[in-house]
Amino acid sequence: MTGLLDPREANHAHFSLELQEAAQARAWETLARAAAMIEPGMNDLDGKAIVDQAILDSGAERLWHASQVRFGPNTLLPFGQAPATPHVLEADDIFFLDIGPCYDGHEGDVGSAFTLGQVPAFQSLIEDSKAVFAAVKAHWAETGANGLELYDFAKTEAAKRGRTLALEGASGHRIGAFPHRVHHSGKLKAFGKTPSPACWILEIHLVDPTLKVGAFYEDML
C-alpha cells in the first residue's frame, strides 16, 4: 500500500512502529481515565484541567497539541476554537475529549465523545461517529483511496445516517515521532495518495443541527 516513500510521510530516525502503536494505546488509556472523571456540574475549563492532569499523571513527556475539551453545545465547535461560554454539564449530557500526549518520543492522538446519563439520541450520535470512522478505515484498507476520496466517502457515510460531517479543524493529519511537523503539517483530506499505515490520523466530527451537538472520534489509520 505504501509504494515509494512520499516525503510528506517521512519520519525521524528514531521512529519505531512498535513505539508509535504503544503511544497510541497509552493515549487511549489516558483518555478513558480522564473521561471517567468528568461529572455533572463541571464546565469545559474544569474538564480541560482534569484531562491535562490525567496526561501528566500518565507519564507523558509533553503534549504535541493542546487538549480539546468540549461540553454540550460546544461539541459543535472545531478544533482550536475556544468556547465563548463554558457549558456546565447536566446529568444527561454529551461531551468529547481530544488529546495529543507524547510517549517515548512518539505522538499519540486520540479522541472520542461520551455521554452522561441516558439520552438515546446522544448515544446514537456517538455510535454514528464511530461507525463512520470504521467505514472510512475499511474503505481505505479495501480500495487504497487517497485522502480526498476518504473524506468524500466519509461525507456520504455521514449523510446515510442523517448527520453532517464537519471538516473545519477535523480533516485528518500526520502522526509520528515527535515532531512530525518537521516533515509535513498538511491535512489528510488534501493528501492525494493512498495514506500509509501508522502515518495518519483520521478524524470524524459529526454534527446534528437538530440536537445542536456534535460527536468526535479519531484514531490512527
Side-chain angles (χ1 to χ4, degrees), residues 2 5-39 42-71 74-75 77-83 86 95-114 129-130 133 137 147 169-189 191 195-205 216-221:
T2 57
L5 178 65
D6 187 295
R8 294 170 294 179
E9 293 189 328
N11 239 308
H12 300 289
H14 66 277
F15 174 78
S16 159
L17 177 59
E18 182 180 0
L19 291 178
Q20 180 62 63
E21 292 175 338
Q24 196 69 356
R26 288 179 68 180
W28 276 116
E29 292 169 358
T30 301
L31 188 80
R33 285 195 294 271
M37 292 187 281
I38 304 297
E39 299 177 345
M42 296 178 177
N43 65 29
D44 309 66
L45 300 178
D46 300 323
K48 188 174 186 304
I50 287 172
V51 168
D52 287 343
Q53 186 61 51
I55 292 172
L56 181 65
D57 293 344
S58 75
E61 298 139 20
R62 58 171 297 142
L63 297 177
W64 79 264
H65 79 66
S67 303
Q68 304 293 299
V69 178
R70 300 285 185 267
F71 287 179
N74 290 332
T75 55
L77 298 177
F79 182 96
Q81 183 175 331
F95 66 96
F96 76 71
L97 311 177
D98 172 5
I99 64 172
C102 289
Y103 300 103
D104 295 319
H106 289 66
E107 302 163 341
D109 195 7
V110 300
S112 185
F114 305 87
S129 69
K130 295 178 180 179
F133 178 94
K137 185 176 180 179
S171 54
H173 56 79
R174 273 294 316 276
I175 195 77
F178 179 82
H180 77 262
R181 293 186 184 280
V182 169
H183 301 290
H184 185 59
S185 60
K187 297 300 183 181
L188 173 59
K189 183 180 182 294
F191 190 64
S196 296
C199 280
W200 297 90
I201 292 292
L202 172 65
E203 299 172 305
I204 299 296
H205 186 194
F216 179 79
Y217 191 84
E218 69 172 349
D219 199 0
M220 187 171 65
L221 283 177

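The basis for the numbers below is simple: all heavy atoms, side chains too, and nothing from hydrogens, waters or symmetry mates.
Taking CD of Gln20 as the start and CD1 of Ile175 as the end, the distance is 5.5 Å to the nearest 0.5 Å. Distance NE2/His173 to CG/Leu202: 9.5 Å, rounded to 0.5 Å. In this structure, the separation between CG on Asp109 and CD1 on Ile201 is 4.5 Å, given to the nearest 0.5 Å. Between Arg8 atom CZ and Ser196 atom OG the span is 10.5 Å, to the nearest 0.5 Å.
The aromatic rings of Phe216 and His205 lie perpendicular to each other, with more than 60° between the two planes, well past the 30° mark. Note: Phe191 and Trp200 have tilted aromatic rings, judged against thresholds of 30 and 60 degrees for the angle between ring planes. By the 30° and 60° cut-offs, the orientation of the rings of Trp64 relative to His180 is perpendicular.
Here the shortest heavy-atom pairing between Pro83 and Asn74 reads CB-ND2, 3.3 Å. Here the shortest heavy-atom pairing between Ala27 and Ile99 reads O-CD1, 3.5 Å.
Distance alone, capped at 3.5 Å, places no donor-acceptor pair between the Arg70 side chain and the Ala113 backbone. Here the side chain of Asp44 pairs a donor or acceptor atom with the backbone of Phe71 at under 3.5 angstrom.
For Tyr217 and Trp28, the distance between ring centers is under 6.0 angstrom.
Not a single side-chain hydrogen bond (donor to acceptor under 3.5 Å, both in side chains) links Lys189 to another residue, sequence neighbours left out. Under the side chain to side chain contact (heavy atoms under 4.5 Å, CB included) criterion, Ile50 pairs with Met37, Ile38, Met42, not counting sequence neighbours. With sequence neighbours left out, the side-chain hydrogen bond (donor to acceptor under 3.5 Å, both in side chains) criterion links His184 to no other residue.
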